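A short worksheet on the structure shown next.
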2 protein chains.
Amino acid sequence: MKIGELARESGLAPSRIRYYERQGLIGAIDRGLNGYRQYARGTRQLLEMIVVAQQAGFSLDEIRNLLPPHDQADRGRDKLLGALNRKVVDIETLQQRLSATRAGLKAVIARIEALPPGGDCFENAEDVLASMREQSKAG
Amino acid sequence: MKIGELARESGLAPSRIRYYERQGLIGAIDRGLNGYRQYARGTRQLLEMIVVAQQAGFSLDEIRNLLPPHDQADRGRDKLLGALNRKVVDIETLQQRLSATRAGLKAVIARIEALPPGGDCFENAEDVLASMREQSKAG
DNA sequence: CCTAAGATTAAAGTTAACTTTAAGGTCAAG
DNA sequence: CTTGACCTTAAAGTTAACTTTAATCTTAGG
């Protein structure tokens, strides 16, 4: 599979795929006699994992450390499992942060709705935000 | 309150606060006779809201549109409520995306753990990721 | 054979979100 | 009245994550 096809299938620009390669995210790629990159079937899934992780707020640098080494297959399996499990924990952390944020926002909204118009919103939001901070420490 | 004090209280660098002002995130600030910025009490909360929104994955550009105009107080109240409610929706969307991601990861982990060592991880992850994509469309 | 589509590289350009720098003005303390 | 901490600005520098450009090579089709 050449880069153009992989690009169409994954929805990523070829330049982006080459960029990820330069950044060490997808390892060394097989080359045909002409020098063209030849991708294995798994690469599309790998790219998707990268994109998913990015959407969850990970930098490419973090993702590189999260992904298994591209060479050794079996030592990679254990590292992959460890990385995936840590990633789940990271996502759970993020979820808790979002829950706290959402709860805080809802509290702020309730306060503002209960107020007579004309007051200083931020003045009244102070303790709400304080409790948000507490909550996020506890979470 | 001068910028240094606000910086200490908020944990943001003064340069960052001035940058937010240039970007229109905190509006025009009162100046003393000496030209120093004089911040109102609410500014610390405003900065915190900005940071929280950033951590939830919003760009400064999105945040600018989310925040109420800095001038009119009462028309601002309604816009603020609208913005906050939309933000809650945004957070809920993100939470759903994260849940889908987490579920997908857990499924991938279960698959890999069930495999005999030596196989091609990505090969087997294919339909798992397919179902992840379904889930995120539905969510 | 010619052409168009698609592959290659290195290097430069872009955008967001800041920080750093340079050159200065202000203010409280000794 | 000078020193040091803090403020001001405009402009330049930084980092991440890409994209664009330029110059060249390969391959498939009429």
Side-chain angles (χ1 to χ4, degrees), chain A residues 1-41 43-44 46-67 70 87 90 94 97, chain B residues 1-41 43-44 46-67 87 90 94 97 101:
Chain A
M1 171 187 255
K2 289 185 289 180
I3 201 169
E5 195 184 344
L6 179 62
R8 272 186 301 277
E9 285 194 6
S10 66
L12 307 187
S15 64
R16 188 167 170 184
I17 298 174
R18 293 196 195 96
Y19 174 73
Y20 285 167
E21 182 184 338
R22 282 202 302 285
Q23 299 307 304
L25 287 167
I26 49 183
I29 299 301
D30 286 350
R31 298 299 183 114
L33 294 172
N34 47 17
Y36 288 13
R37 289 171 179 79
Q38 274 301 331
Y39 293 96
R41 309 119 229 99
T43 310
R44 204 188 84 231
L46 178 54
L47 289 177
E48 284 175 37
M49 288 188 187
I50 292 172
V51 170
V52 166
Q54 277 189 301
Q55 287 170 345
F58 295 92
S59 69
L60 293 187
D61 199 58
E62 291 169 319
I63 295 172
R64 187 191 4 264
N65 297 321
L66 239 50
L67 289 174
H70 326 285
K87 202 156 103 176
D90 284 339
L94 226 180
R97 239 166 51 195
Chain B
M1 173 189 255
K2 287 184 291 182
I3 200 169
E5 195 182 346
L6 179 61
R8 271 186 302 277
E9 286 194 7
S10 66
L12 307 186
S15 64
R16 187 167 170 185
I17 299 173
R18 293 196 197 96
Y19 173 73
Y20 285 167
E21 182 183 340
R22 281 201 302 285
Q23 299 308 304
L25 286 166
I26 48 183
I29 299 301
D30 286 348
R31 299 298 184 114
L33 294 172
N34 46 17
Y36 289 13
R37 288 171 179 79
Q38 274 301 331
Y39 293 96
R41 309 119 227 101
T43 310
R44 204 189 83 231
L46 178 53
L47 289 178
E48 284 175 37
M49 289 188 187
I50 292 172
V51 170
V52 166
Q54 276 190 301
Q55 288 170 344
F58 296 92
S59 68
L60 293 187
D61 199 59
E62 291 169 319
I63 295 173
R64 189 193 0 266
N65 296 321
L66 239 51
L67 289 173
K87 201 156 105 178
D90 284 339
L94 226 180
R97 240 167 48 196
T101 303

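Side-chain atoms are counted along with the backbone in the values below, which use heavy atoms only and exclude waters and symmetry mates. So you know, we letter chains A, B, ... as the sequences are listed, proteins then strands, and number each from 1. Just so we're clear, the structure is a prediction, and the values are computed from it rather than from any experiment.
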Problem - Bounds of contact between DNA chain C and chain B, in 5' to 3' order, using a heavy-atom cut-off under 4.0 Å - result: C/dA17 to C/dC27
Completion exercise
Comparing A/P14 with B/Y39, nearest DNA chain D nucleotide closer to 5' gives the residue B/Y39
Fill in the blank from the handout: To the nearest angstrom, the CG-C1' distance between B/L6 and D/dC6 comes to 14 Å
Handout entry: d(CG, A/N34; P, D/dA28) in whole Å
Key = 9 Å
Exercise for the section: Calculate the interatomic distance between B/Y19 atom OH and D/dT9 atom P; express it in whole Å. Expected result: 16 Å
Problem - Test log, rule side chain to side chain contact (heavy atoms under 4.5 Å, CB included), inputs A/I29 and A/Y39 - result: CA-CA 7 Å; A/I29 299 301; A/Y39 293 96; 3.7 Å; yes
Fill in the blank from the handout: For A/A7 and A/A13, the nearest pair of non-hydrogen atoms, with its separation, is CB-C, 4.5 Å
Completion exercise
Residues passing the salt bridge (charged side-chain N to carboxylate O under 4.0 Å, His left out) test with A/E5, sequence neighbours excluded, are none
Handout entry: D/dT9 OP1/OP2 closer than 4.0 Å to side-chain N/O of B/R31
Key = yes
Exercise for the section: Could you give me the CA-CA distance, side-chain angles and deciding distance for B/R44 and B/M1, then say whether side chain to side chain contact (heavy atoms under 4.5 Å, CB included) is met? Expected result: CA-CA 10 Å; B/R44 204 189 83 231; B/M1 173 189 255; 5.6 Å; no
Fill in the blank from the handout: Nearest heavy-atom contact between A/I50 and A/I26 is CD1-CG2, 4.1 Å
Practice task
Report yes if at least one side-chain N or O of B/R37 is closer than 4.0 Å to OP1 or OP2 of D/dC7; otherwise report no.
Solution key: no
Problem - A/L33 CG to D/dC25 P, straight-line distance once rounded to whole Å - result: 18 Å
Exercise for the section: Could you tell me whether A/R18 contacts a base, only the sugar-phosphate backbone, or nothing, with contacts defined as non-hydrogen atoms closer than 4.0 Å? Expected result: base
Practice task
Show the numbers, then the answer: is there a side chain to side chain contact (heavy atoms under 4.5 Å, CB included) between A/K2 and A/R37?
Solution key: CA-CA 6 Å; A/K2 289 185 289 180; A/R37 289 171 179 79; over 6 Å; no
Practice task
Write down the distance between CD (A/E5) and P (D/dT27), rounded to a whole number of angstrom.
Solution key: 16 Å
